[in-house]
Amino acid sequence: MFNRIFAIAKKEMRQLKRDMRMLFIVFFFPVVLLAIFGYAINFDVHHIKIAVYDQDRSEYTRDYVSGLISSEYFDLVTYIDNDDQIKKLLDEKIVQVVVVFPKDLSRKLLSKQEVKIQFLVDGVDGTSANVIQNYVNAATFSYSLQLTKEYLAVTGKQFYVPIDLQPRFWFNPDLQSTRFLIPGLMGMILIITAVISISLSIVREKERGTIEQINVSPLSSIEFILGKTIPYIVISLINATIVLLAGYILFDIVIKGNILLLLFGTFAFLFAALSLGVFISTISDSQQVAFQAANVTSLLPSLILSGFIFPIESMPVAIQILTNITPAKFYIVILRAILLRGAGISAFWDQLIYLGIFGIFFIALATVVDKKSKNK
Amino acid sequence: MNAIEVNNLTKEFGKFTAVDNVNFNVKQGEIFGFLGANGAGKSTTIRMLIGILEPTSGDALVSGYSIKNQSDLVKKNIGYMSQKFSLYNDLTVVENIRFFAGIYGLDGKKYEERKKWVLKVANLENMENVITSSLPGGIKQRLALGTAVIHEPKIVFLDEPTSGVDPISRRNFWDLINELSDGGTTVLVTTHYLDEAEFCNDIILINAGKLIAQGNSTELKSNYIKNPILEIESDRVVDSLEILEKEKWVGETSIFGNYIHVILNDSTINEQHIYQLLQEKNGIAVKRVEKITPTLEDVFIHLIEKDSKKNVQ
């Protein structure tokens with residue numbers, strides 16, 4: 001039995017070696033995805049370009065501005081000295097934010113009056129505008145606090161803050177989106193090597209008629225499928241290692257949890273993904289159909305419905321139910337638990353069961369469909 | 001003992017009956033020809049006999065095993081090569097051989113021995129590392145047959161193995177089939193080349209799913225056409241045919257190149273009548289009229305036309 005499985009696996013490897021298109025899908029695609037999601041898609045807002053229209057030109061305004069630009073969030077582009085320039089800078093996207101200090105700022109401060117500072121933000125990109133507003137709020141609040149402290153110190157009174165809010169972000173202290181994206185990326189890359197490549201490789205045998213020769217041989221379906229999947233499991237594990245290494249080298253992500261658990265979870269996921277791939281191969285007659293079917297049922301959902309980018313909790317209930325069509329959904333929960341939180345199996349055992357059910361369901365369905373089609 | 005025994009084998013696809021209550025036996029070591037037009041049910045029958053299609057009713061014993069209940073054992077004892085070329089085009093010659101040897105569990109010395117044999121029969125010695133897709137059709141066909149029998153099965157099924165192959169390659173391929181048969185292998189081959197049918201020890205003919213004739217080629221020629229056949233060579237083949245078909249004593253006609261074959265209903269008619277009809281009455285120069293023994297083609301055209309007429313009624 002093992003000899004026969006091995007014969008299939010070896011044949012598959014030899015064919016893959018000569019199939020440039022497949023090699024491209026299997027190895028190059030993941031690298032491209034890694035680059036895109038690692039670098040290009042970044043939900044963090046850094047280095048916001050800012051211009052300052054300072055009509056007061058006092059020590060206060062200088063302090064305030066240096067407070068803003070000392071963080072990596074804001075980069076000071078220029079000082080301006082009239083209203084017309086504001087419009088020009090924002091229109092031409094030279095800056096995203098203009099701060100306007102009123103003329104009488106220092107006089108009002110000294111006479112203990114309330115001061116208004118104007119922030120003009122480019123609101124076209126709503127997400128960035130939101131983030132900018134939060135940063136500005138925080139910066140202004142802390143400068144305001146500093147001024148209050150100084151004032152009270154002069155009058156000799158003790159400063160007292162009733163509630164001191166101190167948020168801490170666990171598992172991802174700097175709220176880096178790459179930390180959050182890497183697990184999803186791994187799921188997506190493995191989906192490609194598992195679902196797409198296995199379904200294509202089986203359907204190709206149908207398309208070219210070579211499956212007939214296999215059907216007549218004493219080879220059982222299980223031996224055939226095992227032989228076919230072994231090379232893709234190896235490739236998937238190689239790809240997973242590449243993604244993890246890249247995550248460590250480029251984005252500083254260390255595996256916090258148990259590496260054996262990670263391997264086990266990955267096997268559970270590959271089982272589910274491969275059985276989906278085998279199912280797709282039984283309902284498709286050409287590689288084109290198989291590729292489309294694999295795309296629609298696995299690649300797109302693993303991007304949109306898996307919780308990779310968009311949180312599942314905020315989706316409508318009907319869509320939340322639909323998210324179960326991608327095994328990546330369960331795998332991402334496991335990966336985030338192991339990679340980011342270092343959690344043990346108690347945190348995700350239910351996901352392993354879902355993956356098991358998913359895999360068994362599609363293998364069973366594939367067997368039924370295959371039996372029916374054979375007698376046609 | 002028979003290598004294959006087919007009993008009341010039937011396959012229905014919905015309302016359509018592709019194979020209708022077929023019975024025949026194939027003797028050990030013979031070359032058995034399975035003839036019929038496209039869509040007559042040849043491939044469906046073969047697919048049932050090799051265990052990849054379940055019969056609707058009836059059964060067959062292949063090498064002693066039931067195709068219904070023991071298809072796994074059937075598969076171990078047979079080789080199969082289909083009209084659709086089924087080697088891996090993107091593998092080299094030796095990789096194909098190694099793969100098929102692998103799934104039949106051949107290794108070590110046995111593998112080396114069989115590999116040598118396949119390379120020899122396919123005429124591919126010293127060309128083991130050539131990519132299969134670059135081989136000419138005839139060679140590919142021989143390689144496919146070689147790999148199909150790499151595990152030395154007792155019975156081999158060939159489903160239109162020579163369709164689309166040039167005449168010389170077809171001849172070489174049949175040499176290989178004869179070689180297998182001489183070695184004791186039973187060969188069941190479907191074809192629609194009637195010259196190939198002449199090489200077979202036994203022949204069956206099916207039409208619309210039903211078996212309509214069986215026997216060896218001599219039996220077929222003498223048992224199924226009792227009436228005399230005349231071969232006529234004339235100037236104007238088509239005109240002659242039209243004239244002949246109007247006569248009552250003409251049964252069936254068919255054209256073979258420049259010749260016309262006429263099956264007579266009335267055995268008192270002789271060559272002289274033909275000369276009179278064509279030459280004297282219609283002025284068509286007749287070069288030759290001769291009484292012949294029927295060819296297999298005459299027999300099959302006769303049988304299929306008779307059967308089709310019956311089906312229409």
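Numbered from 1 within each chain, the chains take letters A, B, ... in sequence-line order.
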**Q** Within a reach of under 6.0 Å around NZ of Lys206(A), are more than 12 heavy atoms found that belong to other residues, nucleotides or ligands?
**A**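 Counting neighbours around NZ of Lys206(A), more than 12 heavy atoms of other residues, nucleotides or ligands fall under 6.0 Å, so yes.
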**Q** Select, from Leu219(A), Ile8(A), Asn3(A), the one with the greatest count of heavy-atom pairs under 4.5 Å involving chain B.
**A**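 Most pairs with chain B among the choices: Ile8(A).
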**Q** Is it true that atom CD1 of Ile259(A) has more than 12 heavy atoms of other residues, nucleotides or ligands lying nearer than 6.0 Å?
**A**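 At most 12 heavy atoms, drawn from other residues, nucleotides or ligands, come within 6.0 Å of this atom.
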**Q** Please determine whether the number of non-hydrogen atoms from other residues, nucleotides or ligands lying under 6.0 Å from atom OH of Tyr354(A) exceeds 12.
**A**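 For Tyr354(A), atom OH is not crowded (no more than 12 foreign heavy atoms under 6.0 Å).
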**Q** So which pairs with a foot in residues 123-156 of chain B pass ring pair (Phe, Tyr, Trp, His ring centres under 6.0 Å), sequence neighbours left out?
**A**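 Every pair satisfying ring pair (Phe, Tyr, Trp, His ring centres under 6.0 Å) with a residue in residues 123-156 of chain B: Tyr104(B)-His151(B).
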**Q** Identify whether the distance between the nearest side-chain nitrogen and carboxylate oxygen of Arg208(A) and Asp90(B) falls below 4.0 Å.
**A**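 Looking at Asp90(B) together with Arg208(A), the answer is yes, because their closest N to O distance falls below 4.0 Å.
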**Q** Using heavy-atom distances under 4.5 Å, tell me whether Ile5(A) contacts chain B through its side chain, its backbone, both, or neither.
**A**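 When you check distances to chain B, no heavy atom of Ile5(A) falls under 4.5 Å.
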**Q** Does the side chain of Glu212(A) reach to within under 4.5 Å of the side chain of Ile52(B), using non-hydrogen atoms?
**A**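 Yes - at least one pair of side-chain heavy atoms lies under 4.5 Å apart.
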**Q** How about Ile222(A): does its CD1 atom have over 12 heavy atoms from other parts shown lying under 6.0 Å from it?
**A**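 No, not enclosed.
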**Q** Does any pair with a residue in residues 92-104 of chain B pass salt bridge (charged side-chain N to carboxylate O under 4.0 Å, His left out), and if so which ones, sequence neighbours excluded?
**A**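 For residues 92-104 of chain B: Arg14(A)-Glu95(B), Arg18(A)-Glu95(B).
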**Q** Which one wins on heavy-atom pair count under 4.5 Å against chain A: Asn96(B), Ile103(B), Ile50(B)?
**A**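 With the most close heavy-atom pairs to chain A, the winner is Ile103(B).
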**Q** Is it the case that atom CZ in Phe27(A) sees more than 12 heavy atoms from other parts of the structure closer than 6.0 Å?
**A**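 Above 12, so yes.
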**Q** May I ask you to name which of Lys11(A), Arg4(A), Lys10(A) has the most heavy-atom pairs under 4.5 Å with chain B?
**A**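 Heavy-atom pair counts peak at Lys11(A).
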**Q** Measuring heavy-atom distances to chain B, does Glu223(A) have an atom under 4.5 Å in its side chain, in its backbone, in both, or in neither?
**A**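 Nothing of Glu223(A), per the 4.5 Å heavy-atom cut-off to chain B.
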**Q** Counting only heavy atoms not in Tyr111(B), do more than 12 fall under 6.0 Å of its OH?
**A**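 Counting other residues, nucleotides and ligands, OH of Tyr111(B) exceeds 12 neighbours.
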**Q** Write out, in numerical order, the residues from residues 14-35 of chain B with a heavy atom short of 4.5 Å from a heavy atom in chain A.
**A**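 Counting heavy atoms that sit under 4.5 Å from chain A, no residue of residues 14-35 of chain B is involved.
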**Q** Measure distances from Phe100(B) to the heavy atoms of chain A and classify the residue's part below 4.5 Å as side chain, backbone, both or neither.
**A**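 Contact with chain A: side chain only.
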**Q** Taking 4.5 Å as the heavy-atom cut-off, does anything in residues 67-80 of chain B contact chain A, and if so which residues?
**A**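 Under the 4.5 Å heavy-atom cut-off, Lys75(B), Lys76(B), Ile78(B), Tyr80(B) qualify.
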**Q** If every non-hydrogen atom of Leu91(B) is compared with every non-hydrogen atom of Gln15(A), which pair is closest and at what distance?
**A**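 Minimum heavy-atom separation between Leu91(B) and Gln15(A): CD2-CG, 3.6 Å.
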**Q** Could you tell me whether the side chain of Phe99(B) reaches within less than 4.5 Å of the side chain of Thr210(A), counting heavy atoms only?
**A**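 Sidechains of Phe99(B) and Thr210(A): no contact.
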**Q** For Tyr193(B), I'd like to know if atom OH has over 12 heavy atoms of other residues, nucleotides or ligands within 6.0 Å.
**A**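 Enclosed: over 12 neighbouring heavy atoms sit under 6.0 Å from OH of Tyr193(B).
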